[in-house]
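Written out below as structure tokens is the structure these notes cover.
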Amino acid sequence: MNMKKKLSIFTALAVFQAFAVGSVSAQSVPQGDTASVNTANVESVEVLQQEQPIAEREVKTESNNKSINTPPTEAKDTQTSTGTEATPKTDSEKPALDGGETPANETGTKPVVQEETPEMVETPATPAQIEQPSVDGTSPAVAGGNLTLYMNSNKMEQDGKTYLAGQPMAVKNGVSYVAIRALVDRVGYGVKYDNKTKETIIISGEDELRFKTNSKDYTVNGETRTMKGPAYQQKSTFMVPLTSITQALNITYKVNQSAKTVVLNLNTKPVASFTISQKEIFAGDQVDYVTSSSSPNGMDIVDERWTGRQDSFDQAGTYTISYQVQDSNGQWSDPYSTTIEVLAPNLPPVAMFATDKEEYKMGEKITYTDQSTDDENNIVKAAWENNSLAFFEPGPKTVTLTVTDNHGATNTYSKVITITNETLYSFTDFNLLFTPVGQKFTFNGGEVTTMEKVPYTYMDEPSLLIRSNSPETVNTEGIVYKESSLGQTRFMIHHVNNTGKRVKMYVIATNNNPNPAVFEQQNMGFAGPTPYATVAGKLSIDKWFKSIQTGADQKKEYLQPGESKLILTELNKTPMKEGQVISLYSDAYSDYSLDYNVILVEENKDPFEALPLLPVLDRDGVHNRGTYPNATRVIKYDEHVGIKPARLPLGDNSSDPNLVGTDPMAYTDASNAGNFGVLYKITLTNVAPRTLISFNPRGGKYSGVALVNNQLVSIADGNVAVANSSEQSVLYRTGSTGESVTILFSAAPGSNLPVNLLFTPLPSEK
């Protein structure tokens, strides 16, 4: 063989061996051993050719004369540094994080650079040392935990093992650079090269990073970002600023100045979790498991395993269940465990009731005693059918009770009682005697107008009423009411949103005095937003009276001269949807005159910024608004009441005249129709023995509450309204002796006035 051929073969062999060794990107070295390597990652020829697009070397074999492209490789050798120092760096090239932060106490240690030696070329890695990447270009599975990088060194440590990068962590112009392939292999991401765009690509789940040689720009999922310094090639190793990787992939790190290390928190393990839908688990019941899992680096979850899971548990007891998931890198999560208590099978409740008798006369009161039981003593609902207090037709009557426990189990019991042909009480007498307080009954409403009126007189206490109730249905943003007040003030606010948008209502108080002012909220009744006006009105009055009883809603706001603040903030806690209504009652006091603006604006707008631009809204011509002085009406009647049927009218503008005031926005007088917002303090000092006091609406449906002898009484119970003038709701019954009775009442927004308080002598009991 001639010399030419020998040289050609030797050259080809040397290049092939150099490629086999030089393609190592990150090598595992046992702790404390820097002279030998047991494992290595090597790229395929195609991947290396893509990642390192610098001058390719063409080698022709003598046998087939075909070209083999052998691009430069990232890592050079399985050996450690020979001790040869690189050219000394300037101060700006000392180890630092991106942005030029130089670690404290930096001594200017020069990085050790691996140099290519003949031994490196002539000693290829053996197949046992080569760890091939996956076919799709993603990295092989790696260990989790932290990754420690050493400044001015190519050494990396992870999970107790040492790895070598192709080049040391270096600093150029104050920017810290790392070998990209070595880093991403340890992190567990994929890396490949795009021949068309000449870009090195890192893949993390659905995230994709693209870098170009000698460019400061890189992209994250197509979005261009700028690094502190350009990517570059260093002896065939692709180097990028460290923080471009950590920022883009949300990798946190810590710098240890004294140890000259940067520790990356990888957290590559997936995270497993699960919940059980049922609050309580009973033996024999199906158990619903709801799993959730995630991967910090966006990998797919490909497998799961359970310990202790059962679709149902046959026996009561304590059980521990564990759950793990595996990601597409092959890593398993730590077990997520929970301990459950399986209870003995739930037993349904037992419905049962008794009556005081088995046979009753017509109009005779029936006493029902609920005797239902539950093994957990937790019956949450009892539904009766046909359990009238009395029947007024003879024959058998079936009464049914269905009870439900807190697990939804039900049971039903029915009983038949007999009604004879005899009559004990008439329908009217029975209701007068036995209809419970807070419930209603029907009667001949036409009789009310024949009753004598109680000839009461009244006096008004100072309290300025601000009634914001028109336009009741608000069609656009604006100021629905504005007024000034000093001293005792009552707010009544009742509006419906018809703007087509989600809005909020606010009350803004402004102190235009030269002195600081105090606003005291004394009580609060607020309801809504709700689509039902009568419900909102009743609830606001109910809460207002409870607040008066307890004093629980008292607040103070201090306003400096010229300062504006939000007050009555319950009003603006929740936005109003289209068609919803809010209702507010509150008493307050201020030591200086304050200016008030009640506004309605879109929910996301700043009320203070919006106020100067808002229009003043006009009245709707149907509902009432105005400012009315003396809004607490005191009625005291000392004569006998209840000896014969009588009535006390309220809100009729006759016996009870409307408050007269002004509409400051329309610059006109106003009359408070129905006297909504007026608090009535009624004291009847001489109510006859055995007198029924009841509530009878005269203007239409009514739903509200009253305080009777400081007890809150519903008009009528639950969501049931007193529908018309032929119904009355029981407020109070006096006993066998005369009594003084005090009633606090205020008309509920959304209901109708006028109303009557009825005083009816009770029939004799049999």
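Each residue takes its place number in the sequence, starting with 1.
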(message) Can you confirm whether the side chains of N498 and N475 place a donor and an acceptor under 3.5 Å from each other?
(response) yes

(message) Keeping Y585 on the side-chain end and I493 on the backbone end, is there a donor-acceptor pair under 3.5 Å?
(response) no

(request) In plain terms, say whether K415 and E358 are close enough for a salt bridge, that is, a side-chain N and a carboxylate O under 4.0 Å apart. (result) yes

(message) In the structure I gave you, are the side-chain heavy atoms of K504 and L600 within less than 4.5 Å of one another anywhere?
(response) no

(request) Report the distance from atom NZ of K279 to atom CG of N406, rounding to the nearest 0.5 Å. (result) 10.0 Å

(request) Could you verify whether a donor N or O on one side chain and an acceptor N or O on the other, from E739 and Y732, lie under 3.5 Å apart? (result) yes

(request) With rounding to the nearest 0.5 Å, note down the distance linking NZ in K357 to OG1 in T367. (result) 10.0 Å

(request) May I ask you to say whether E570 pairs ionically with K555, meaning some side-chain N is under 4.0 Å from a carboxylate O? (result) yes

(request) Tell me, yes or no, whether the heavy-atom count around E341 atom CD, taken from other residues, nucleotides or ligands under 6.0 Å, exceeds 12. (result) yes

(message) Is it the case that atom CD in Q286 sees more than 12 heavy atoms from other parts of the structure closer than 6.0 Å?
(response) yes

(request) Heavy atoms only: give me the nearest T435-R733 pair and the separation to one decimal. (result) O-NH2, 2.7 Å

(request) Dump the intermediate steps for side-chain hydrogen bond (donor to acceptor under 3.5 Å, both in side chains) on N346 and D405, then the final yes or no. (result) CA-CA 10 Å; N346 178 54; D405 69 12; 3.2 Å; yes

(message) Looking at T404 and T410, would you say the former's side chain and the latter's main chain have a donor-acceptor pair under 3.5 Å?
(response) no

(message) Would you say that more than 12 heavy atoms from the other residues, nucleotides or ligands in this model lie under 6.0 Å from the CG of N378, or not?
(response) yes

(request) Report yes or no: do T632 and E461 form a side-chain donor-acceptor pair below 3.5 Å? (result) no

(request) Compute whether any side-chain donor of one residue and acceptor of the other, for T668 and D663, lie under 3.5 angstrom apart. (result) no

(message) Would you say that Y425 contacts N431 through its side chain, given a criterion of any heavy-atom pair below 4.5 Å between the two side chains?
(response) no

(request) Take F526 and L568 through the side chain to side chain contact (heavy atoms under 4.5 Å, CB included) test and state the conclusion after the steps. (result) CA-CA 9 Å; F526 174 75; L568 310 180; over 6 Å; no

(message) For the backbone of G284 and the side chain of S312, can you confirm whether one donor and one acceptor N or O come within less than 3.5 Å of each other?
(response) no

(message) Check whether Q278 reaches the backbone of D288 with its side chain - one donor and one acceptor, N or O, closer than 3.5 Å.
(response) yes

(request) Answer whether the closest heavy-atom distance between the side chains of T569 and Y506 falls below 4.5 Å. (result) no

(request) Answer yes if the side chains of D656 and Y680 hold a donor-acceptor pair under 3.5 Å, and no otherwise. (result) yes

(request) For the residue pair F392 and F427, categorise the inter-ring angle as parallel (less than 30°), tilted (30 to 60°) or perpendicular (more than 60°). (result) perpendicular

(message) Quick one, I599 with Y481, criterion side chain to side chain contact (heavy atoms under 4.5 Å, CB included). Give me CA distance, side-chain angles, the key distance, then yes/no.
(response) CA-CA 7 Å; I599 67 172; Y481 206 83; over 6 Å; no

(message) Using every non-hydrogen atom in the two residues, find where S583 and S540 come nearest and quote the distance to one decimal.
(response) OG-OG, 3.2 Å

(request) Would you check if the side chain of D285 reaches a backbone N or O of P345 as a donor-acceptor pair within less than 3.5 Å? (result) no

(request) Find the distance between CG (D374) and CD (E376) and round it off to the nearest 0.5 Å. (result) 6.0 Å

(message) Tell me whether N709 contacts the main-chain N or O of Q711 through its side chain, where contact means a donor paired with an acceptor under 3.5 Å.
(response) no

(request) Go through the steps for T442 and E727 under the test side-chain hydrogen bond (donor to acceptor under 3.5 Å, both in side chains), then give the verdict. (result) CA-CA 4 Å; T442 59; E727 293 184 344; over 6 Å; no

(request) Check whether the side chains of H494 and S468 place a donor and an acceptor atom closer than 3.5 Å, and report yes or no. (result) no

(message) Does any part of the side chain of M492, heavy atoms only, come nearer than 4.5 Å to the side chain of L465, both counted from C-beta?
(response) yes

(request) Mind listing the closest non-hydrogen atom pair of V416 and P396 along with its distance? (result) CG1-CB, 3.9 Å

(request) Keeping the roles fixed (side chain from E603, backbone from M576), state whether a donor-acceptor pair exists under 3.5 Å. (result) no

(message) Which heavy atom of V755 sits nearest to which heavy atom of P697, and what is that distance?
(response) CG1-CA, 4.1 Å

(request) For residues Y413 and T400, determine if any side-chain heavy atom of one lies less than 4.5 Å from a side-chain heavy atom of the other. (result) no

(message) Within the structure provided, determine whether Y637 and V454 are in side-chain contact (heavy-atom separation under 4.5 Å).
(response) yes

(message) Please determine whether side-chain hydrogen bond (donor to acceptor under 3.5 Å, both in side chains) holds for the pair Q488 and Q522, giving the CA-CA distance in whole Å, both sets of side-chain angles, and the decisive distance to 0.1 Å.
(response) CA-CA 10 Å; Q488 198 67 39; Q522 297 170 330; 2.5 Å; yes

(request) Quick one: closest heavy-atom pair of S703 and S751, and the distance? (result) N-OG, 2.9 Å

(request) Indicate yes or no: at least one non-hydrogen side-chain atom of P763 is less than 4.5 angstrom from one of L433. (result) yes

(request) Give a yes-or-no answer on whether the side chains of E472 and N469 include a donor-acceptor pair shorter than 3.5 Å. (result) yes

(message) Does atom NZ (K397) have a neighbourhood of more than 12 heavy atoms from anything else shown, all under 6.0 Å?
(response) yes

(request) Dump the intermediate steps for side chain to side chain contact (heavy atoms under 4.5 Å, CB included) on V678 and L659, then the final yes or no. (result) CA-CA 9 Å; V678 173; L659 287 180; 3.4 Å; yes

(request) Tell me, please, whether Y596 has K482 positioned over its six-membered ring: NZ or CZ under 6.0 Å from the ring centre and within 45 degrees of its axis? (result) no

(message) Within the structure provided, determine whether K453 and P649 are in side-chain contact (heavy-atom separation under 4.5 Å).
(response) yes

(request) Would you please say whether a donor-acceptor pair under 3.5 Å links the side chains of T662 and D669? (result) no

(request) Report the distance from atom CG of D429 to atom OG1 of T423, rounding to the nearest 0.5 Å. (result) 11.5 Å

(request) Mind listing the closest non-hydrogen atom pair of I715 and V722 along with its distance? (result) CG2-CG2, 3.7 Å

(request) Could you tell me whether the side chain of R647 and the main chain of V448 form a donor-acceptor pair under 3.5 Å? (result) yes

(message) Main chain of T398, side chain of N386: is a donor-acceptor contact present, judged purely on distance under 3.5 Å?
(response) yes

(request) May I ask you to say whether K766 pairs ionically with E364, meaning some side-chain N is under 4.0 Å from a carboxylate O? (result) no

(request) Answer yes or no: does atom NZ of K381 have more than 12 heavy-atom neighbours from other residues, nucleotides or ligands under 6.0 Å? (result) no

(message) Under 4.0 Å between a side-chain nitrogen and a carboxylate oxygen: does that hold for E578 and K501?
(response) no

(message) Taking the ring centre of each residue, are W384 and F353 less than 6.0 Å apart?
(response) yes

(message) Is there a side chain to side chain contact (heavy atoms under 4.5 Å, CB included) between V705 and K538? Walk through the geometry before answering.
(response) CA-CA 7 Å; V705 296; K538 178 176 182 176; 4.2 Å; yes

(request) Scan side-chain atoms only and decide if D620 and S470 contain a donor-acceptor pair under the 3.5 Å cut-off. (result) yes

(request) For R698 and T449, test the side chains for any donor-to-acceptor distance below 3.5 angstrom and give the result as yes or no. (result) no

(request) Kindly assign one of parallel, tilted or perpendicular to the pair F695 and F745, based on the angle between their ring planes and the thresholds 30° and 60°. (result) tilted

(request) Determine whether more than 12 heavy atoms belonging to other residues, nucleotides or ligands lie under 6.0 Å from atom OH of Y456. (result) yes

(message) Using only atom types and a distance under 3.5 Å, with no angle test, would you say the side chain of Y368 pairs donor to acceptor with the backbone of S388?
(response) yes

